[in-house]
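Inspection log for the structure reproduced underneath, given as C-alpha cells.
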Amino acid sequence: MDLSYTPEEEEFRARLREWLARTLPALPPKPSPADWPGRRAYDLGWQRRLYDAGYGDVHWDASPTTRLIFLEETEKAGAPYVGANFVGLLHAGPTIAAEGTDAQRARWLPPILRGEEVWCQGFSEPDAGSDLAALRTRARREGDDYVVTGAKIWTSHAEVADWCELLVRTDPAAPRHRGITWLAMPMDAPGITVRPLRTLAGSAEFAEVFLDEVRVPVANRVGDENDGWRVTMVTLSFERGTAFAGEVVACRRVLGELAVEARKNARWDDPALRRRLGRLNAEFRALWRLTQWNVSAAEASGGVPGVGGSVFKLRYSQARQELYDAAADVLGPDCLDLDRPWTLDRLSSLSYTIAAGTSQIQHSIIAERILGLPKGR
C-alpha cells in the first residue's frame with residue numbers, strides 16, 4: 001500500500017503551514033481549563049477561523065489523507081485542539097455526513113463547520129458502559145416524536161452543548177443490537193437535567209444527563225428505526241480510526257521534550273530510561289504509520305475507517321499511558337506537582353483504555369472481526 005503523499009497533498013500541506021504561521025500569533029489567550037463557557041467560545045472561535053480560511057470541512061468533505069495532513073500540521077504548529085467541538089467535528093458530523101439525509105446534512109453540518117453549535121455524546125449509561133448494547137434509555141414513538149426516558153453518563157461536553165448524539169432503545173423486545181436507534185437531541189428540550197462530573201484531573205468536561213419524557217422529533221433520527229447499532233459502528237469507526245491522529249503527533253512532540261528535560265536534570269544518565277524513551281519513539285513512529293495505513297484503507301472503502309481503527313486504538317491507549325509514566329520517571333518527585341508539565345496529562349491518560357471503547361472491547365473486535373475467532377460463550 002502506498003503511504004506517500006501526492007504533489008497536490010503536499011501543496012495543501014505547504015499552504016496550511018503558511019496560514020498557521022500567520023494566524024496563530026494573533027489568537028487571544030486560552031481561557032482557564034475550568035472556564036467551560038469561555039472554552040466553548042474560544043473553541044468555536046477557532047473553528048470559525050478555520051471555516052473562513054477554507055479549512056472548516058476537512059473532517060468530512062476532504063479525503064482521509066487530507067484530513068490526516070491537517071491534523072498533523074495543526075498539532076505540530078501548536079494550534080488549538082478541537083476542544084468542545086470534538087464530538088461535532090469528529091463523531092456526529094462525520095456520521096451525519098455518511099448516514100444522514102440531505103435535509104439533515106443541510107441542517108446540522110454547516111453550523112458545526114462555522115463554529116456555531118456544540119455537540120455532546122450520549123452513548124454510555126450507568127449500567128451499560130463497556131457493554132454499550134445493554135443500554136436501557138427508552139424511546140417510545142408518539143406521532144411525530146420519540147419520547148425519551150433514561151440516563152446517560154460520561155456525556156462529553158453536555159454542559160455547553162446544543163445537540164446530543166443519543167442512543168436509545170426503541171424496541172425492547174428485539175435482540176440487544178437490533179432495537180437501538182440513533183437520534184439527534186436538542187439539549188434545550190424540556191425534561192433534560194445535566195450534572196457535570198469532575199475528573200481525577202480536576203476538569204469537568206463530562207456530565208451525567210437525566211432524561212424525563214424528553215420529546216425528540218422523528219425527523220431527528222439518523223438512519224432507520226432500530227438500525228442505530230449499525231449507525232453507531234460508523235460513529236465509533238471515526239472515533240477510533242482518525243480522531244486520535246493529532247494526538248499521536250502530540251505524543252511524539254512530548255517524547256522529544258522529555259528527552260530534553262532528562263538531559264537537563266541528569267535523568268538521561270540512566271540507560272534504562274534511555275531505552276524506555278527509545279522504545280516509545282519506535283512505538284509512536286509505528287502508530288503513525290498505522291494511522292496512515294488506516295487512512296489509506298478508509299479512502300479505498302469510501303471514506304469510513306474500518307476495524308483497523310480498533311488495532312490502533314488498543315495500542316495507542318496503552319502507549320499513551322506508558323509515555324506519561326515515563327514522564328513521571330523523568331520528573332521524579334516533581335511528578336506530583338500539578339503545575340508541572342505532563343502531570344495532568346498523566347492523570348488524563350488513565351482514561352484512554354476506557355474512552356472510545358475499553359481495551360477489552362477492542363480485543364474482542366480484533367479477535368472476531370479481523371482474526372475470525374469464534375465469539376465467547
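- Side-chain heavy atoms closer than 4.5 Å link hydrophobic residues (I, L, V, M, F, W, Y) into clusters, and following such links, possibly through other members, connects V82 to W108.
- Sorted by first and then second residue, the salt bridge (charged side-chain N to carboxylate O under 4.0 Å, His left out) pairs involving residues 163-188 (not counting sequence neighbours) are D131-R176.
- E116 contributes atom CD, which lies 10.0 Å from atom CG of D162 (distance to the nearest 0.5 angstrom).
- V118 and A84 make their closest contact through CG1-O, 3.3 Å (heavy atoms, listed as atom of the first residue, atom of the second, distance).
- Distance check, rounded to the nearest 0.5 Å: CZ of R221 to CG of N226 gives 9.0 Å.
- Heavy atoms of other residues, nucleotides or ligands lying less than 6.0 angstrom from CZ of R15 number more than 12.
- A distance-only check finds no donor-acceptor pair linking the side chain of T23 to the backbone of L20 [under 3.5 Å].
- Separation of atoms CE (M187) and CG (L166) is listed at 9.0 Å; rounding is to 0.5 Å.
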Please test V194 against T155 for side chain to side chain contact (heavy atoms under 4.5 Å, CB included), starting from the C-alpha separation and ending with a verdict. CA-CA 9 Å; V194 177; T155 308; over 6 Å; no

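- Proximity of L167 to K152: side-chain heavy atoms (C-beta onward) are separated by under 4.5 Å at one or more points.
- One hydrophobic cluster, built from ILVMFWY side chains closer than 4.5 Å, cannot hold both V209 and W154; they sit in different ones.
- No side-chain donor-acceptor contact under 3.5 Å links E75 to the backbone of Y81.
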Given side chain to side chain contact (heavy atoms under 4.5 Å, CB included), test T95 with V231 step by step and report yes or no. CA-CA 7 Å; T95 302; V231 178; 3.7 Å; yes

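- Atom-to-atom distance recorded for L323:CG and E283:CD is 10.5 Å, nearest 0.5 angstrom.
- When all heavy atoms of F12 and I69 are compared, the closest pair comes out as CD2-CG2, 3.9 Å.
- Between L50 and Q47 the shortest side-chain heavy-atom distance falls below 4.5 Å.
- Under the 6.0 Å distance and 45° angle rule, R285 does not count as a cation-pi partner of W288.
- Criterion: ILVMFWY side-chain heavy atoms under 4.5 Å apart, direct or through other members. Under it, L183 and V218 are part of a common hydrophobic cluster.
- L255 is listed as a side-chain neighbour of L277, based on a closest heavy-atom distance under 4.5 Å.
- The heavy-atom pair separating E159 from P196 by the smallest distance is CB-CG, 4.4 Å.
- Residues Q121 and F86 form no side-chain contact, since every pair of their non-hydrogen atoms from C-beta on lies 4.5 Å or further apart.
- Under a 3.5 Å cut-off, the side chain of R215 and the backbone N or O of D145 do not form any donor-acceptor pair.
- At a threshold of 4.5 Å between non-hydrogen side-chain atoms, the residues P7 and E11 do not count as touching.
- A salt bridge does not link R49 to D52: none of the charged nitrogens lies less than 4.0 Å from a carboxylate oxygen.
- Counting only distance, with no hydrogens or angles, the side chain of R274 and the backbone of W268 share a donor-acceptor pair below 3.5 Å.
- Ion pairing between R107 and E117 holds under the 4.0 Å rule for side-chain N and carboxylate O.
- A donor-acceptor pair is defined here as one N or O able to donate and one able to accept, closer than 3.5 Å; no such pair exists between the side chain of R230 and the backbone of T232.
- In terms of modelled atom types and a separation under 3.5 Å, the side chain of D270 and the main chain of A272 share a donor-acceptor contact.
- Note that CG of L89 and CG of L113 are 7.0 Å apart. Values are rounded to the nearest 0.5 Å.
- Within 6.0 Å of CZ in R253 there are more than 12 heavy atoms belonging to other residues, nucleotides or ligands.
- The minimum heavy-atom distance between A151 and P126, with the atom names listed, is O-CD, 3.7 Å.
- Grouping the Ile, Leu, Val, Met, Phe, Trp and Tyr side chains by contacts below 4.5 angstrom, directly or via other members, places F210 apart from L197.
- Within 6.0 Å of atom CZ in R136, 12 or fewer heavy atoms from other residues, nucleotides or ligands are found, so the atom counts as exposed in its surroundings.
- How far CG of D269 is from CZ of R263: 10.5 Å, rounded to the nearest 0.5 Å.
- Using cut-offs of 30° and 60° on the angle between ring planes, the pair W46 and W19 is tilted.
- In terms of heavy atoms, Y42 sits closest to P28 at CE1-O, 3.4 Å.
- In this structure, the side chains of F284 and V254 stay at 4.5 Å or more apart for every pair of heavy atoms.
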Step-by-step side chain to side chain contact (heavy atoms under 4.5 Å, CB included) determination, L44 to N85: CA-CA 7 Å; L44 290 177; N85 295 315; 3.2 Å; yes

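- Taking the charged nitrogens against the carboxylate oxygens, R13 and E73 do have a contact shorter than 4.0 Å, which makes a salt bridge.
- Ion pairing of R140 with E213 is present here, as a side-chain N (NZ or NE/NH1/NH2) and a carboxylate O approach within less than 4.0 Å.
- Cluster membership check: V222 shares its hydrophobic cluster with L90, using side-chain heavy-atom separations under 4.5 Å among Ile, Leu, Val, Met, Phe, Trp and Tyr.
- When V148, V168, L211 are each tested for a side chain to side chain contact (heavy atoms under 4.5 Å, CB included) with M185, only one passes: L211.
- Between L280 and A326, the shortest heavy-atom distance links the atoms CD1-CB, 3.9 Å.
- With a 4.5 Å cut-off on side-chain heavy atoms, W182 and E99 do not count as touching.
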Kindly determine whether R141 and T170 satisfy side chain to side chain contact (heavy atoms under 4.5 Å, CB included), including the steps that lead there. CA-CA 8 Å; R141 179 81 175 260; T170 40; over 6 Å; no

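- Side-chain contact check for N220 versus W163: some heavy-atom pair is nearer than 4.5 Å.
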